[in-house]
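Note that the coordinates shown come from a computational prediction; the quantities given were computed from them, not determined experimentally. Positions are given from 1 along the sequence.
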Amino acid sequence: MFIIGWVIIRVIEDVVMPLDGDAWRTAMWYLITGIMILHSVLIFIFRQRY
């Protein structure tokens, strides 16, 4: 999931607009936070089922 997010951020940087240091930090924050939230939801769902 991290690799897919990283590729999406790189494509956005290359195609849409170049990112400066603060934009990179924000993009990485969203990526890591999103992955943590998704993993938390999946753990919650799998604990309910199994």
Side-chain angles (χ1 to χ4, degrees):
M1 301 198 68
F2 181 78
I3 294 172
I4 293 169
W6 183 270
V7 168
I8 290 170
I9 292 171
R10 292 295 299 191
V11 167
I12 289 173
E13 181 186 27
D14 291 340
V15 175
V16 178
M17 62 182 226
L19 300 175
D20 60 354
D22 192 41
W24 263 105
R25 191 173 335 141
T26 304
M28 289 297 116
W29 185 83
Y30 281 124
L31 176 63
I32 293 170
T33 304
I35 290 172
M36 287 183 185
I37 290 171
L38 180 62
H39 284 173
S40 299
V41 168
L42 289 175
I43 288 171
F44 178 76
I45 289 171
F46 287 136
R47 280 193 172 184
Q48 295 281 331
R49 285 194 182 166
Y50 304 107

In chain order, what residues pass the salt bridge (charged side-chain N to carboxylate O under 4.0 Å, His left out) check against Asp20, with sequence neighbours excluded? none
Single-linkage hydrophobic cluster Ile32~Trp29, side-chain heavy atoms < 4.5 angstrom: no
Single-linkage hydrophobic cluster, 4.5 Å side-chain cutoff, Leu31 and Ile37 together: no
Which pairs would a plain distance check flag for residues 42-50, meaning a side-chain donor or acceptor within less than 3.5 Å of a matching protein atom at least two apart in sequence or in another chain?
none

Donor-acceptor pairs under 3.5 Å, side chain of residues 6-15 to any protein atom, not counting sequence neighbours: which ones?
residue: Arg10; atom: NH1; partner: Glu13; partner atom: OE1; Å: 3.4
residue: Glu13; atom: OE2; partner: Trp24; partner atom: NE1; Å: 3.4

hydrophobic_cluster_shared for Phe2 and Leu19, side chain cutoff 4.5 Å: yes
